[in-house]
Trainee: 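Pasting a structure here, questions to come.
FYI, side chains are in, hydrogens and waters are out, and symmetry mates aren't considered; it's all heavy atoms of this structure.
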Amino acid sequence: MSITVYAPASMGNVGVGYDLLGAALAPIDGSLFGDRVSITSSTSGIALSVEGLWADKLPPAPEDNIVYQCALFFMQQLNKQQGIALTLEKNLPVGSGLGSSASSVVAALYALNEYFNHPYDEQALLILMGEFEGKISGSVHYDNVAPSYLGGMQLMLNTQLKVCDSIPSFEAWYWVVAYPGISLSTAKMRELLPAQYSQSVTIDFGRNLSAFVHASYQQDAELAMCVLKDVLAEPYRASAIPGYESAREALDKLGMLSTGISGSGPTLFSITDSLATAQAAQAWLETNYVEQGLGFSHICKLDALGARRIDK
Ligand code: HSE
């Protein structure tokens, strides 16, 4: 038996929902934008090979790779003796703000769960995904694993009943994402944020996020745009991302409706409902924000499907 699973790139926070909102991405040109994990049987133990554009940025020892660690956990928990061979196709850059580690973890755990006939249900698997991703990013937050696994726009609930649930998104929106080519550690980007916020910032955060969710259900794009503001992270992270502030200004002048930091950066996202404006923004970003040969940009819609088997 051979299984291959694809898990899409994702934007944590989506600007307005620090740690609480996340969305999965699908480039409109149909290009692959996420990691893939394949599993086949082998004679004994766990074998891992890593390939793909960003493979050489991962730790060289298989035991240090999060995909190997996911497999080891599964085998030990289920007391499995047979051998398995895994291949990770690393298609997302690490430390990019595109949920790179989440994509690997989601693809690995989804594939393992399929391979061993679904010992974990959706919620249990999601919790595992959060815990494994947290080993890399330094803390457990579900805003990348949830959308990469379940697709669309996910709102974190973090309750005993449910980790997250999907909320409606705006079909007309294009999400232009641009990765400049440098790597930033999520843990370090989290350290930039204050431990406490003032009462007025707290109220702004609650108001913006709840109004955004309300607007999403009402399909009121104007209201959603009006409140899509990041008062918690962007003020402290923007200056740590080279070129971000001037890009944001330029994208605003080009007519983009809102621009923010994807996850903890350095990838930025910028929204419009016009394909022509999205293309103009992408052209600007390719010339001014993206380092040739190291970075990239995509015009995306949201990936409604999330992680899925692509072997059948
Ligand atoms: N919510 C996380 C953060 C996402 O902003 O630190 C990291 O991709």
Trainee: Check the hydrophobic clustering (I, L, V, M, F, W, Y; side-chain heavy atoms under 4.5 Å; chains of links allowed) and say if Leu25 and Leu251 are grouped together.
Mentor: no
Trainee: Assess, by modelled atom type and distance only, whether the side chains of Gln282 and Ser297 contain a donor and an acceptor separated by less than 3.5 Å.
Mentor: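 Gln282 vs Ser297: donor-acceptor pair found between side chains.
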Trainee: How far apart are the closest heavy atoms of Ala215 and Ala224, and which atoms are they?
Mentor: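 Looking at all heavy atoms of both residues, the closest pair is CB-N, 3.6 Å.
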Trainee: Check the pair Ile271 / Leu228 against side chain to side chain contact (heavy atoms under 4.5 Å, CB included), numbers first and verdict last.
Mentor: CA-CA 10 Å; Ile271 307 170; Leu228 210 170; 3.6 Å; yes
Trainee: I'd like to know if the side chain of Ser183 pairs up with that of Lys57 as donor and acceptor (distance under 3.5 Å, no hydrogens or angles considered).
Mentor: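 No.
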Trainee: Would you say Thr202's side chain and Ser198's backbone share a donor-acceptor pair under 3.5 angstrom?
Mentor: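 Indeed, once roles are kept as given, a pair shorter than 3.5 Å links the two residues.
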Trainee: Salt bridge or not between Arg309 and Glu114? Use side-chain N to carboxylate O under 4.0 Å.
Mentor: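 Yes, charged N to carboxylate O under 4.0 Å.
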Trainee: Flag yes if more than 12 heavy atoms outside Glu63 fall under 6.0 Å of its CD atom; otherwise flag no.
Mentor: yes
Trainee: Is Glu171 atom CD crowded by more than 12 heavy atoms from other residues, nucleotides or ligands, each under 6.0 Å away?
Mentor: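 Counting neighbours around CD of Glu171, 12 or fewer heavy atoms of other residues, nucleotides or ligands fall under 6.0 Å, so no.
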Trainee: Tell me the closest heavy-atom pair linking Ala71 and Ile84, and the distance in Å.
Mentor: CB-CD1, 4.2 Å
Trainee: Which atom names give the shortest non-hydrogen contact between Ala23 and Leu302, and what distance separates them?
Mentor: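 Scanning both residues, the minimum pair turns out to be CB-CD2, 3.9 Å.
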Trainee: Using 0.5 Å steps for rounding, measure from the CG atom of Asp29 to the CD1 atom of Ile299.
Mentor: 8.5 Å
Trainee: Are the side chain of Lys162 and the backbone N or O of Thr159 linked by a donor-acceptor pair below 3.5 Å?
Mentor: no
Trainee: Got Leu232 and Tyr197 here, is their nearest side-chain heavy-atom distance under 4.5 Å?
Mentor: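 Sidechains of Tyr197 and Leu232: in contact.
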Trainee: Is there side-chain contact between Ser100 and Lys90, with at least one heavy-atom pair below 4.5 Å?
Mentor: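 The answer is yes, as the side chains (C-beta and beyond) meet within the 4.5 Å cut-off.
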Trainee: Examine Val213 and Val231 and state if one hydrophobic cluster contains both, with Ile, Leu, Val, Met, Phe, Trp and Tyr joined whenever side-chain heavy atoms are less than 4.5 Å apart.
Mentor: yes
Trainee: Quick check on the 6.0 Å ring-centre criterion: do Tyr120 and Phe74 meet it?
Mentor: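 Between Phe74 and Tyr120, which both carry aromatic rings, the centre distance is below 6.0 Å.
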Trainee: Should Met75 and Leu72 be marked as a side chain to side chain contact (heavy atoms under 4.5 Å, CB included) after you check the CA-CA gap, both sets of side-chain angles, and the distance that decides it?
Mentor: CA-CA 5 Å; Met75 303 286 272; Leu72 185 64; 5.6 Å; no
Trainee: Hey, is the main chain of Lys188 close enough, under 3.5 Å, to the side chain of Ser185 for a donor-acceptor pair?
Mentor: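 Confirmed, Ser185 side chain pairs with Lys188 backbone.
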Trainee: Examine distances only and state if a side-chain atom of Ser270 and a backbone atom of Val176 form a donor-acceptor pair shorter than 3.5 Å.
Mentor: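 No, Ser270 side chain to Val176 backbone: no donor-acceptor pair under 3.5 Å.
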Trainee: Closer than 3.5 angstrom, by distance alone: can the side chain of Thr272 be matched with the main-chain N or O of Thr277 as a donor-acceptor pair?
Mentor: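 No, because the side chain of Thr272 does not come within donor-acceptor range (under 3.5 Å) of the backbone of Thr277.
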Trainee: Between Asp303 and Tyr6, does a side chain to side chain contact (heavy atoms under 4.5 Å, CB included) hold up when you go through it step by step?
Mentor: CA-CA 12 Å; Asp303 183 321; Tyr6 169 75; 4.3 Å; yes
Trainee: Are Ser137 and Thr186 close enough that a side-chain donor and a side-chain acceptor fall under 3.5 Å?
Mentor: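 Per modelled atom types, Ser137 and Thr186 side chains form no pair under 3.5 Å.
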Trainee: So that I can tick it off, tell me whether Glu249 and Lys253 are bridged by a salt bridge, with the cut-off set at under 4.0 angstrom between side-chain N and carboxylate O.
Mentor: yes
Trainee: Going by atom types only, do Ser264 and Arg190 share a side-chain donor-acceptor pair under 3.5 Å?
Mentor: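 Per modelled atom types, Ser264 and Arg190 side chains form no pair under 3.5 Å.
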Trainee: Using modelled atom types and a 3.5 Å cut-off, is there a donor and acceptor pairing between side-chain atoms of Ser216 and backbone atoms of Ile167?
Mentor: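 Checked: no pair found.
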Trainee: Looking at Asp252 and Arg248, would you say the former's side chain and the latter's main chain have a donor-acceptor pair under 3.5 Å?
Mentor: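 Checked: no pair found.
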Trainee: Assess the side chains of Tyr244 and Glu234: does a donor N or O sit below 3.5 Å from an acceptor N or O?
Mentor: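 Judged by distance alone, the side chains do pair up.
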Trainee: Are Leu150 and Val5 connected in the hydrophobic side-chain network, where two residues link if heavy atoms are under 4.5 Å apart?
Mentor: yes
Trainee: Can you tell me if Asn13 uses its side chain to pair, donor with acceptor, with the backbone of Gly15 under 3.5 Å?
Mentor: no
Trainee: Can you find a heavy atom in the side chain of Leu223 that is under 4.5 Å from one in the side chain of Gln218?
Mentor: no
Trainee: Identify the two heavy atoms, one from Lys301 and one from Trp173, that lie closest to each other, and give their separation to 0.1 Å.
Mentor: CD-O, 3.4 Å
Trainee: Same cluster for Tyr110 and Leu126 if Ile/Leu/Val/Met/Phe/Trp/Tyr side chains link at under 4.5 Å?
Mentor: yes
Trainee: Decide yes or no for Leu112 and Cys70: does some side-chain heavy atom of the first lie under 4.5 Å from some side-chain heavy atom of the second?
Mentor: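 Yes. Closest side-chain heavy atoms under 4.5 Å.
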Trainee: Count I, L, V, M, F, W, Y as connected when their side-chain heavy atoms are under 4.5 Å apart, and connections chain through other members. Are Ile261 and Tyr236 then in the same cluster?
Mentor: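 No; Tyr236 is not reachable from Ile261 via cluster members.
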Trainee: Hey, are the side chains of Val94 and Leu58 touching, using non-hydrogen atoms and a 4.5 Å cut-off?
Mentor: yes
Trainee: Does a side-chain heavy-atom distance below 4.5 Å link Leu20 with Leu209?
Mentor: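 When only atoms from C-beta onward are counted, Leu209 and Leu20 do touch, with a gap below 4.5 Å.
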Trainee: Give the intermediate values and the outcome of side chain to side chain contact (heavy atoms under 4.5 Å, CB included) for residues Val106 and Asp35.
Mentor: CA-CA 9 Å; Val106 169; Asp35 294 348; over 6 Å; no
Trainee: Within a strict 4.5 Å, meaning less than it, do heavy atoms of the Pro168 and Gln219 side chains meet?
Mentor: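 Yes - at least one pair of side-chain heavy atoms lies under 4.5 Å apart.
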Trainee: Please name the pair of heavy atoms, one in Val37 and one in Ala108, separated by the smallest distance, quoted to 0.1 Å.
Mentor: CG2-N, 3.8 Å
Trainee: Check the orientation of Trp175 and Phe269. Use parallel for under 30°, tilted for 30 to 60°, and perpendicular for over 60°.
Mentor: tilted
Trainee: Between the side chains of Gln123 and Asp121, is a donor N or O closer than 3.5 angstrom to an acceptor N or O?
Mentor: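 Side chains of Gln123 and Asp121: no pair found under 3.5 Å.
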Trainee: Ignoring hydrogens and geometry, is there a side-chain-to-backbone donor-acceptor pair from Ser148 to Pro8 under 3.5 Å?
Mentor: yes
Trainee: Between the main-chain N or O of Ala283 and the side-chain N or O of Thr287, is there a donor-acceptor pair closer than 3.5 Å?
Mentor: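 Yes: the side chain of Thr287 pairs with the backbone of Ala283.
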Trainee: Going by side chain to side chain donor-acceptor pair (under 3.5 Å), name the residues that satisfy it together with Asn79, two or more places apart in sequence or in a different chain.
Mentor: Gln81
Trainee: Take Thr87 and Ser38 through the test side chain to side chain donor-acceptor pair (under 3.5 Å) and record every step on the way to the result.
Mentor: CA-CA 5 Å; Thr87 303; Ser38 302; 5.4 Å; no
Trainee: Quick check: do Gln82 and Ser41 have side-chain heavy atoms less than 4.5 Å from each other?
Mentor: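 A side-chain contact under 4.5 Å is absent here.
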Trainee: May I ask you to decide whether Asp311 forms a salt bridge with Arg36, counting only side-chain N to carboxylate O separations under 4.0 Å?
Mentor: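 Looking at Asp311 and Arg36, the cut-off is not met.
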Trainee: With a 6.0 Å cut-off (strictly less than), is the heavy-atom count around CD of Glu51, excluding the residue itself, greater than 12?
Mentor: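 Enclosed: over 12 neighbouring heavy atoms sit under 6.0 Å from CD of Glu51.
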Trainee: Mind jotting down which residue pairs meet the ring-ring contact (aromatic ring centres under 6.0 Å, His included) criterion with at least one end in residues 273-305? Sequence neighbours excluded, please.
Mentor: Phe33-Phe296, Phe33-His298, Tyr179-Phe296, Phe296-His298
Trainee: Using side chain to side chain donor-acceptor pair (under 3.5 Å) as the criterion, list what pairs up with Ser169, not counting sequence neighbours.
Mentor: none
Trainee: Quick one: closest heavy-atom pair of Ala240 and Leu192, and the distance?
Mentor: CB-CD1, 3.8 Å
